[in-house]
Amino acid sequence: ANSPEHLAAMVFFPKKKNTYCKSCKKHTPHSVTQYKPGKASLFAQGKRRYDRKQSGFGGQTKPVFRKKVKTTKKITVRLKCKTCLTIAQYCLGRSKHFELGQKKV
């Protein structure tokens, strides 16, 4: 089960796509970028709670995950409407390799 059939080896996605915009309520041209998670905030409630629990004596208080088995991450693209600039996110699923733009021939 190293390479299942449902897992795409290479995904090419266009940089521009004509798709439905919820704000405009019709199909409009969208620019496509790949989603990247931002820097984690030190002031998020979970991080504040974790830091408070970790402070002082007593060592590691929460489980540290060490059994990583997934070899891919899910690809998420951001679709930005060119008319109203609304951003929608769309998940493409798992893939080993992802590229924006046309396939090189």
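Side-chain contact check for Lys82 versus His30: every heavy-atom pair is 4.5 Å or farther apart. At least one side-chain heavy atom of Glu99 sits under 4.5 Å from a side-chain heavy atom of His97. Inter-residue side-chain proximity for Lys22 and Tyr20 is flagged as met; some heavy-atom pair is nearer than 4.5 Å. For the pair Lys96/Thr71, a side-chain contact is recorded, criterion being any heavy-atom separation below 4.5 Å from C-beta on. Side-chain contact between Cys81 and Ser23: absent, with no pair of heavy atoms (C-beta onward) separated by less than 4.5 Å.
Connection of Leu79 to Leu92 is established within a shared hydrophobic cluster, with ILVMFWY side chains joined at heavy-atom distances below 4.5 Å, either directly or through further cluster members.
When all heavy atoms of Thr28 and Cys21 are compared, the closest pair comes out as OG1-CB, 3.5 Å. Residues Gly101 and Lys15 share a closest heavy-atom pair of N-CG, 3.9 Å. Closest heavy-atom contact between Gln34 and Leu100: N-CD1, 3.9 Å. Across Pro29 and Asn18, no two heavy atoms sit closer than the pair N-OD1, 3.2 Å.
The distance from atom OG1 of Thr33 to atom CZ of Arg78, rounded to the nearest 0.5 Å, is 4.5 Å. Separating the CG atom in Leu42 from the NZ atom in Lys39 is a distance of 7.0 Å, to the nearest 0.5 Å. In this structure, CD in Gln60 is found 10.0 Å from NZ in Lys53, a value given to the nearest 0.5 Å.
Side-chain atoms of Thr61 and Gln54 include a donor-acceptor pair closer than 3.5 Å.
Side-chain atoms of Arg94 come within 3.5 Å of backbone N or O of Thr72 as a donor-acceptor pair. No donor-acceptor pair closer than 3.5 Å links the side chain of Lys67 to the backbone N or O of Val69. Side-chain atoms of Arg48 come within 3.5 Å of backbone atoms of Phe43 as a donor-acceptor pair (strictly under, hydrogens ignored).
Classified by interplanar angle (parallel below 30°, tilted 30° to 60°, perpendicular above 60°), the ring pair Phe13/Phe98 is tilted.
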